[in-house]
Amino acid sequence: MINIQQAAQDIVWVGGSDRRLSLFENLFPLPNGVSYNSYVVLDEKTVLFDTADVSIADQYLENLEAALAGRTPDYLVILHMEPDHAALIRTVTERYPNLTLVGSMKTFCFLDQFFPGLAQNRLTVKEGDTLCSGKHTFHFVAAPMVHWPEVLFAYDDFTKSLFSADAFGTFGTVDGSIFADDHDFEKTYLDEARRYYANIVGKYGQQVQMVLKKAAGLDIANILPLHGPIWRKDLGWFLDKYQKWSTYTPETDDVLVVYASLYGHTASAAETFAAKLQAKSGRHVSVFDVSKTDVSYLISEVWRCRTVVLFSATYNNGIYPKMNDFIEDMGALFVQNRTFALAENGSWAPVAGKLMREKVSAFKNVTVLEDTFSFRSALHAGDMAKLDAFVDAVAKA
């Protein structure tokens, strides 16, 4: 069935939601699915912005045909060549062989890698170039590494709409209305928007900052991303989130506790610590099992919280593997501006604390509390004074 919605004057949303996909990029869990957004501008000339993933091909093509209502698209603007937005380019060009593809030089390099031999009219654009469709003039903004090197934004000076590619997107389907203000975004989407940002774009904070500075010079009334709902109200609230996330500024003063435990003894110590810290500091404390919780959720919590406390069992004379993977992921995403506290367990030779310290100390602009809380096998009454001192140190930090 056809599902198209008016996104702004002359701009029609022709996307769709995939509620069956369980892993984004075959990596990140999608408990609430994901949406793929595409937009058609109906002007003197017709402009299509991006396509969609092959998983919603039938829905997308049906929506596109309905929005065009017998017209033929003049341009297909490719803001992002990742397959979840570009998979249907060949299909669209076969249906509309006279349309012109618009993209950056790097876009067409990727296009030829994904679709070798695709013969199509092409218009190469760069930062500062424009495309006029009649009433609408689209100004192209280069957004390299947000989060691929070819990415473009497009600003429509008629509707003051920013087509933002993958920026300002979120995991989760679009249910009913395509507009963020028609939902309780903070309740329904914020955690998934943060998880999307931290894991997909997170390491490119510097590049996001450059794009935000460019966007600050534009009079933006609408943000049209390629995933998740469209923004037409309270843009400043969401832009502030991106400002914090891209500068690695903690979103809250909360404490994140992540533990790695074989038989429950390290888990028990982490739970005891969390209860004592909550009572001592009044700060909200979240506790996660690194073996049970997908690392993408842990990374999202790192972006949210100011302080990260790691409890790890020693395993094969090293860091417990799942904890080691989590720390490696933080490093790969350039986590910074956080306070870390470390705790270790080991029945005969606890070394996890020392090894974790070596890894997290290499992160940029982090504070690692001096004393590691160390215990043998299980937490006992004789450990409580030392645990209380550890709690005090984290509370003060």
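Please read these numbers as outputs of a predicted model, since none were measured by experiment. For reference, positions follow the sequence shown, starting with 1.
Of all non-hydrogen atoms in I223 and S164, the two that sit nearest each other are CG2-OG, 3.6 Å. When all heavy atoms are compared, the tightest approach of V394 to A341 is CG2-CB, 3.7 Å. Residues L256 and F288 come closest through the heavy atom pair CD1-CD1, 3.4 Å. Summarising the geometry of S377 relative to H265, their closest heavy-atom pair is O-CB, 3.1 Å, with the distance given to 0.1 Å. Nearest heavy-atom pair across Q120 and L99 is NE2-O, 2.9 Å. Between V258 and F326, the shortest heavy-atom contact is CG2-CE2, 3.9 Å.
Checked against W13 for a side-chain contact (heavy atoms from CB on, under 4.5 Å), the options N3, L224, I4 give a single hit: N3. Here the options are N37, T170, D84, the test is side chain to side chain donor-acceptor pair (under 3.5 Å), and the partner is H227; only D84 passes. Exactly one residue among K276, K386, K280 makes a salt bridge (charged side-chain N to carboxylate O under 4.0 Å, His left out) with D392. That residue is K280. For the side-chain contact (heavy atoms from CB on, under 4.5 Å) with Y39, the qualifying choice from D156, V77, I230, L48 is I230, the only one to do so.
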Verdict with reasoning, N324 to Y315, per side chain to side chain contact (heavy atoms under 4.5 Å, CB included)
CA-CA 10 Å; N324 187 70; Y315 192 85; over 6 Å; no
I would like to know whether M330 and F340 meet side chain to side chain contact (heavy atoms under 4.5 Å, CB included); could you show each step before the answer?
CA-CA 12 Å; M330 285 193 283; F340 284 89; 4.0 Å; yes
E150 vs M105, side chain to side chain contact (heavy atoms under 4.5 Å, CB included): CA-CA, chis, key distance, verdict
CA-CA 8 Å; E150 89 297 357; M105 187 178 299; over 6 Å; no
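The ring of F140 has its center no closer than 6.0 angstrom to the ring center of F153. A distance below 6.0 Å separates the ring centres of F185 and F238.
Hydrophobic clustering, with ILVMFWY side chains joined whenever heavy atoms are under 4.5 angstrom apart, keeps W231 apart from F158. Hydrophobic clustering keeps Y320 apart from F311 (ILVMFWY residues linked when any side-chain heavy atoms are closer than 4.5 Å, directly or through intermediates). Linking Ile, Leu, Val, Met, Phe, Trp and Tyr whenever their side-chain heavy atoms come within less than 4.5 Å puts L61 and V12 in one cluster. Hydrophobic clustering (side-chain heavy atoms under 4.5 Å, transitive across Ile, Leu, Val, Met, Phe, Trp, Tyr) groups L118 together with F108. Y75 and L64 end up in different hydrophobic clusters when Ile, Leu, Val, Met, Phe, Trp and Tyr side chains are linked at under 4.5 Å.
Residues L190 and E251 are in side-chain contact: their nearest non-hydrogen atoms beyond the backbone lie under 4.5 Å apart. Between V141 and L152 the shortest side-chain heavy-atom distance does not fall below 4.5 Å. Side-chain contact check for F163 versus N222: every heavy-atom pair is 4.5 Å or farther apart. Residues Q113 and M81 are not in side-chain contact: their nearest non-hydrogen atoms beyond the backbone lie 4.5 Å or more apart. Taking 4.5 Å as the limit, some side-chain heavy atom of P73 sits within range of a side-chain heavy atom of L68. Side-chain contact check for S291 versus Y259: every heavy-atom pair is 4.5 Å or farther apart. N121 is not listed as a side-chain neighbour of N98, based on a closest heavy-atom distance of 4.5 Å or more. In this structure, the side chains of L21 and V34 come closer than 4.5 Å at one or more pairs of heavy atoms.
Ring geometry for F28 versus F171: interplanar angle of 30 to 60°, hence tilted. Note: F114 and W148 have parallel aromatic rings, judged against thresholds of 30 and 60 degrees for the angle between ring planes. Ring geometry, F49 versus F138: the interplanar angle exceeds 60°, so the pair is classed perpendicular (tilted spans 30 to 60°). Ring geometry, Y155 versus H139: the interplanar angle falls from 30° to 60°, so the pair is classed tilted. Between F390 and F273, the two ring planes are tilted [angle within 30° to 60°].
Side chains of D18 and S55: a donor on one and an acceptor on the other come within 3.5 Å. Looking only at atom types and distance, the side chain of Q209 has a donor-acceptor partner in the side chain of S246 under 3.5 Å away. With no hydrogens or angles considered, a side-chain donor-acceptor pair links H147 and D166 at under 3.5 Å. Looking only at atom types and distance, the side chain of T339 has no donor-acceptor partner in the side chain of T307 under 3.5 Å away. H85 and D53 share no donor-acceptor pair across their side chains, judged by distance under 3.5 Å alone. Checking Q278 against H284 by side-chain atom types alone, no donor-acceptor pair falls below 3.5 Å. Neither side chain, N199 nor S296, offers a donor N or O lying under 3.5 Å from an acceptor on the other.
Other residues, nucleotides and ligands place no more than 12 heavy atoms under 6.0 Å from the CD atom of Q206. Crowding of K45 atom NZ: a count of heavy atoms from other residues, nucleotides or ligands under 6.0 Å not exceeding 12. The number of heavy-atom neighbours closer than 6.0 Å to NZ of K106, taken from other residues, nucleotides and ligands shown, is 12 or below.
A distance-only check finds a donor-acceptor pair linking the side chain of T188 to the backbone of D184 [under 3.5 Å]. Judged purely by atom type and a 3.5 angstrom limit, R376 uses its side chain to pair as donor or acceptor with the backbone of W348. Side chain of T46 to main chain of L42: no donor-acceptor pair is present (N/O by atom type, distance under 3.5 Å, no hydrogens or angles). For the pair E192 (side chain) and N32 (backbone), a donor-acceptor distance under 3.5 Å is absent. A distance-only check finds a donor-acceptor pair linking the side chain of S35 to the backbone of G228 [under 3.5 Å]. Between the side chain of S312 and the backbone N or O of M323 there is no donor-acceptor pair closer than 3.5 Å. Side-chain atoms of E65 do not come within 3.5 Å of backbone N or O of N63 as any donor-acceptor pair.
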Quiz: residues 368-375 side-chain donor-acceptor pairs under 3.5 angstrom, not counting sequence neighbours:
residue, atom, partner, partner atom, Å
T372, OG1, R357, NH2, 2.9
S374, OG, E344, OE2, 2.8

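Ionic pairing of K322 and D325 is not present here: no N-O contact between side-chain nitrogen and carboxylate oxygen is shorter than 4.0 angstrom. Using a cut-off of 4.0 Å between Lys/Arg side-chain N and Asp/Glu carboxylate O, R19 and D175 are scored as salt-bridged. A salt bridge is defined here as a Lys NZ or Arg NE, NH1 or NH2 lying under 4.0 Å from an Asp or Glu carboxylate O, and E301 with R195 fails to meet this definition. Contact check on R283 versus D254 returns no salt bridge, with no Lys/Arg side-chain nitrogen under 4.0 Å from an Asp/Glu carboxylate oxygen. The pair K244-D240 meets the salt-bridge criterion, with a side-chain N (NZ, NE, NH1 or NH2) lying under 4.0 Å from an Asp/Glu carboxylate O. Of the charged side-chain nitrogens involved, none lies within less than 4.0 Å of a carboxylate oxygen, so that D43 and R71 do not count as a salt-bridged pair. Ion pairing between a basic and an acidic side chain is recognised when a charged N comes within 4.0 Å of a carboxylate O; D329 and K203 show no such pairing.
Separating the OG1 atom in T173 from the CZ atom in R20 is a distance of 14.0 Å, to the nearest 0.5 Å. To the nearest 0.5 Å, the span separating CG on L355 from OG1 on T314 amounts to 8.0 Å.
Cation-pi check for R232 over F179 is met; the charged atom lies under 6.0 angstrom from the ring centroid and within 45 degrees of its normal.
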